[in-house]
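Worksheet: one structure, shown below.
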Amino acid sequence: MSDKNHLYLVDGSAYIFRAYHRLPPLTNPQGTPVGAVYGYTTMLWKLAEDLDKAVGPTHLAVILDKASHSFRNDIYDQYKANRPPAPEDLVPQFPLIRDATRAFSLPCIEEEGLEADDIIASYARAAALQGWDVTIVSSDKDLMQLVSEGGNGTGAIDMLDTMKNQRIGREEVIEKFGVGPELVGDVLALMGDSADNIPGIFGVGPKTATKLIQEHGNLTAALDSAEAMKTSKLKERLIEHRADAEMSRILVTLKEDAPLPQPLEEFRLDGVPKEPLAAFLQDHGFTSLLRRLDAGNGSPSRSTDLNPAKQDNAGADAAPQGNRQDMPEMPAVDRDAYECVQTLDRLEHWVARALAARLVAVDTETSALDAISADLVGISLALGPNDACYIPLAHGGTDMFAEKPDQVELAAAIAALKPLLESDAVLKIGQNIKYDINVLARHGIAVAPVDDTMIISFDLDAGRSEDGIGGGHGMDELAQRHLGHSCLSFKDVCGTGKKQIPFGEVPLEKATHYAAEDADVTWRLHRLLRPRLAIEGGTRVYEQVDRPLIGVVAAMEREGIKVDRAALARLSEQFATTTARIETEIHEIAGQAFTIGSPKQLGDILFDKLGYKGGRKGKSGQYSTDQAILERLAGEGAPIANKVLEYRQLTKLKSTYTDALQDKINRDTGRVHTSYSLVGAQTGRLSSTDPNLQNIPIRTEIGREIRKAFVPEAGNVLLAADYSQIELRLAAHMADVDTLKEAFAAGEDIHSRTAREMYGEVTRDTRAQAKTINFAILYGISRWGLAGRLGVEADEAQAMIDRYFERFPGIQRYIVHTLEQVRERGYSETLFGRKTWFPRINSKNQAERQGSERAAINAPIQGTSADIIKRAMARMMPALHDAGLAPKDGSGVRMLLQVHDELVFELPEGDVAAAAPVIERVMAEAALPSVILDVPLGIEIGTGDSWDAAH
DNA sequence: AAGGTCACG
DNA sequence: GACGTACGTGACCTTG
């Protein structure tokens, strides 16, 4: 058993061509031909099965051709020029090759301008130089040049022809070419290659080529020898076509020093998780493979035995045989294996074991859902599968005289756990650990460092879901998807509705089953998901963007923001009076009382009773009465329309803001604490709930009254810092539009500049139109959509779109390129590597497909903007601290809110002058050094005695 | 629980 | 020939 690394490089493109011709024309349930894909899938399966054998891979990557131009075309324009187009029923299988590779959770490498052979050569050399053995899974004769026996610290390189199940080493190469690998290129240069349209010497085939190279030792010597030959056809041809041979020599030379798009280390094989493989097999009707996967022991590698599903004897027959014992087995969840920790002694024992393990899954149980006000009821820990415990701390209800179960005293438990949860040397894993961080922070514990399975899942699989359902990142879903396990649900334990009991009243045995299972499952999910980050290229966004944010956002939630209750109450009062009056007026006009808030009733009144025109809409058959319709009616002189609009605005403001916000003021802190979701938006944006502080009114005068109620504490001010036009700036950079980049560099008003480019002059009207079009571009444009917004005909809107693309051609290129990439790979990517998946991008349903296309155009821009502000947030408090503005006691500058492109701070009035430049710098430089933008990031900062005044 | 509406970036 | 037309969210109301 060797511990030597062994890299497998799979030549995916070559394989599929051969599989296509060898296999019957199967189709999947959707009717797509999948014969070649099936062949490819079985090959990967076989490779994965070899995982544990001495010759099996420790690292593996699939290399694909990017069907286009390579440097060889620059040398020889006829290179591969005689290739017939791929067969019609093979074409749709190309993208499926990527899907199949991803289904196996394997890395997939392709690079513009490089052929698969060159990438393979570069990786093979790099790995061999590090002493790794390399196997190239291909039978391409060009690649035989790479075969080497290694030695002297260099690894060996061989090839594997999986179709013939044959290994190709030096001997096999000599058998085929008559010369060693180092001379294969010379032979190929003479014989040429009709498939790649490499000329070689006309009339010289393998036999002659081999003979010439054997005799003369290399190509140049062979060509030089021609002069001395006796007259023959061969002599003539060698002399006449010498240049062809020399060019061919260059064409067959593999580029071995190409930059490696992904480091070798990231190719480490950590086993094949059951999902997404099972879903893929299911989709394509590969039922026999699916059965083998479900059978567990027929799974493609030992590590699939990690899935406890349906394995009653998994522990028995899945004994480790391979060379990677660091991979623990994962038996089925056994709730009876959990311990209920009821003495300090046992607790200390668990803490000691966790310190030694350096990795512990943590979960807290509380009396309510809101982390800021909920009380701690218990804590569970997991150190491995079924190796978990629950530490009850406040069970037995609130009745002081009732008999309570034995529990470790809260303060003693906190004291025992604190060194563990704060230890730099122990990674704490949680599912949404921000929640636990906040709960424990109230007990004086600063949990760090952490990993979060929910966020890891998000960074891997955002947007990915079969049919739009089950794409979430909640623990029950993840357990189901990745472990095939159904967790005890909260409902099972606490009941529902009126009969629901607080967790603290759940009997200990049941509570232990539930709570420890959560920690156990979290530990298992981490074991499965964390390695995928490296394999699938998610490390960057996780480590550089999302993970650093967890503690930062937790702190913002704890900080909260002060809201002036009296001001809100006054507004509520005022809105109530006004709406009552308007309600009466509307009823008068309608000639009857009705529920204005009911779109159904309102529609009937407007369009049936009062006879205004306006069509039905939607499947519900109901009249639409939204703002746009009402504004149209108002324009046509319907007095009721404006009143309904005003009624709607005021009831909205009252119910959603002035009433609701008062209830959200925390009775202990006197402030409002929102909860941010780090996985809320598919694009990578945060979302805010309970209350949502990202949609506080600002656009209307009356709405801004609500913003005035967000205030600083005495002696402080609020500071709001906005990125100005960040999405348009990013579009200019990403689509490489010189005109727009110049405009931003010069600090121009971007909508005016757009108007000037498009219409030649800037007026209020043209600027407004240009602004609409600029946004339309960011959102994925359609002529009808734009027409609707601008109130023009679709033709005219199309003309404007054409004009826009003409003036900013980079934009069209960006759109086309983005869509191509998403169709091919299934996901879009931000500048920081955040993926968003679009499973419906190739849907046959037009509306569905076009919807995905629009979202896919927007996602890289919106997502990059989200990445940037997240990086700014992660760096903000350290930078302020370094500037002496944020002492550890929390007395200086505090970051309170994030609203997508805006950060809100509260700070002592006297700190503004010093803090503003620091905040501005951190925000402006947030992309650096990872990404260097062609446009400056503009920041606008304001301060005041309310959130409104800070704008 | 779903649909309609509307608040924000 | 119909489809259904701008991206991303969350909260509230009414209705079934």
Side-chain angles (χ1 to χ4, degrees), chain A residues 462-463 594-603 617-630 644-645 647-661 663-664 674-677 679-700 702-704 706-707 722-728 731 772-790 794 797 801 828 836 838 844-863 865-866 869 897-903 947:
Chain A
F594 69 101
T595 309
I596 306 171
S598 162
K600 188 176 181 313
Q601 293 185 32
L602 176 64
K617 169 177 143 181
K619 320 163 241 214
S620 60
Q622 229 189 96
Y623 292 114
S624 170
T625 64
D626 67 15
Q627 215 165 30
I629 302 271
L630 291 174
V644 172
L645 282 169
Y647 176 88
R648 283 228 181 113
Q649 181 186 29
L650 294 178
T651 50
K652 171 89 172 182
L653 294 178
K654 181 170 187 294
S655 67
T656 309
Y657 300 104
T658 56
D659 286 353
L661 273 174
D663 295 339
K664 297 290 180 184
T674 185
S675 169
Y676 288 103
S677 169
V679 301
Q682 310 283 302
T683 52
R685 273 191 178 178
L686 304 187
S687 71
S688 159
T689 59
D690 239 348
N692 182 354
L693 294 186
Q694 290 182 320
N695 72 346
I696 301 302
I698 191 172
R699 292 172 186 170
T700 63
I702 182 94
R704 275 203 295 278
I706 292 163
R707 237 166 227 253
D722 286 47
Y723 281 106
S724 145
Q725 307 287 7
I726 187 169
E727 294 197 1
L728 277 172
T772 300
I773 297 173
N774 273 332
F775 279 106
I777 293 294
L778 296 180
Y779 299 150
I781 198 165
S782 84
R783 77 181 92 158
W784 297 279
L786 184 61
R789 298 272 158 162
L790 290 177
I801 295 168
S828 69
T836 303
F838 294 92
K844 290 197 175 56
N845 177 326
Q846 182 177 257
E848 212 168 62
R849 187 177 63 247
Q850 289 177 338
S852 292
E853 287 173 354
R854 291 192 296 270
I857 290 167
N858 180 250
I861 298 169
Q862 188 181 115
S865 163
I869 196 167
L897 302 177
Q898 188 252 43
V899 193
H900 310 309
D901 63 358
E902 171 186 9
L903 295 173
W947 194 2

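Not measured: the values here are computed from a predicted model. Below, read A as the first sequence line, B as the second, and so on, with proteins coming before strands; counting in each chain starts at 1.
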Under 4.0 Å between a side-chain N or O of [X] and OP1 or OP2 of [N]?
X	N	value
A:Arg685	C:dG8	no
A:Gln725	B:dG9	no
A:Ser624	B:dT5	yes
A:Ser687	C:dG10	yes

Candidate nucleotides [options], ranked by approach to the side chain of [X] - the nearest:
X	options	value
A:Lys652	C:dG8, B:dA7, C:dT15	B:dA7
A:Gln850	C:dA6, C:dC12, C:dG4	C:dG4
A:Ala660	B:dT5, C:dC12, C:dC3	C:dC12
A:Ser598	B:dG9, C:dT14, C:dG4	C:dT14
A:Ala847	C:dG16, C:dC7, C:dG4	C:dG4
A:Ser655	C:dC13, C:dA6, B:dG9	C:dC13
A:Arg854	B:dT5, C:dC7, B:dG9	C:dC7
A:Gln649	B:dA7, C:dG8, C:dG10	B:dA7
A:Trp784	C:dT5, C:dG8, C:dT9	C:dT5
A:Thr772	B:dC8, B:dC6, C:dA6	C:dA6

Select base, sugar-phosphate, or nothing to describe what [X] touches, counting heavy atoms under 4.0 Å on all strands.
X	result
A:Ser782	base
A:Gln627	sugar-phosphate
A:Ser688	sugar-phosphate
A:Ile698	sugar-phosphate
A:Asp690	sugar-phosphate
A:Ser865	nothing

Rounded to the nearest Å, what distance is computed from the [atom1] atom of residue [X] to the [atom2] atom of nucleotide [N]?
X	N	atom1	atom2	answer
A:Ile857	C:dT5	CD1	P	17 Å
A:Leu661	B:dA7	CG	C1'	12 Å
A:Asn695	B:dC8	CG	C1'	5 Å
A:Ile869	B:dC8	CD1	P	18 Å
A:Leu693	C:dT9	CG	P	18 Å
A:Ile696	C:dT9	CD1	P	19 Å
A:Tyr676	B:dG9	OH	C1'	13 Å
A:Asp626	C:dC13	CG	P	19 Å

In whole Å, measure the gap between the [atom1] atoms of [N] and [M] for me.
N	M	atom1	answer
B:dC8	C:dA6	C1'	16 Å
B:dG3	C:dT5	P	14 Å
C:dC3	B:dA7	C1'	30 Å

Quick one: CD1 on A:Ile777 to CG on A:Asn858, what's the gap to the nearest 0.5 Å?
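Atom-to-atom, A:Ile777:CD1 and A:Asn858:CG are 12.0 Å apart.
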Nearest 0.5 Å, what's the CZ-CD distance between A:Arg849 and A:Gln846?
5.5 Å
So do the side chains of [X] and [Y] get within less than 4.5 Å of each other, counting heavy atoms only?
X	Y	result
A:Ser677	A:Thr689	no
A:Gln850	A:Ser782	no
A:Ile706	A:Thr658	yes

With DNA chain C as reference, determine whether A:Gln846 or A:Gln601 sits nearer its 5' end, using the nearest nucleotide of each.
A:Gln846
Hey, does the side-chain of A:Gln694 have a donor or acceptor N/O within less than 3.5 Å of a partner on the base of B:dC8?
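No, no donor-acceptor pair under 3.5 Å.
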Is the base of B:dG9 touched by the side chain of A:Arg699 through a donor-acceptor pair closer than 3.5 angstrom?
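Donor-acceptor pair under 3.5 Å: yes.
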Can you name the nearest heavy-atom pair linking [X] to [Y], along with the distance?
X	Y	answer
A:Ile857	A:Gly780	CD1-CA, 4.0 Å
A:Leu786	A:Ala776	CD1-CB, 4.1 Å
A:Tyr676	A:Gln898	OH-N, 3.0 Å

With a 3.5 angstrom cut-off on both distances, give the Watson-Crick or G-U wobble partner of C:dG8, or none if there isn't one.
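Pairing partner, where one exists within any strand: B:dC8.
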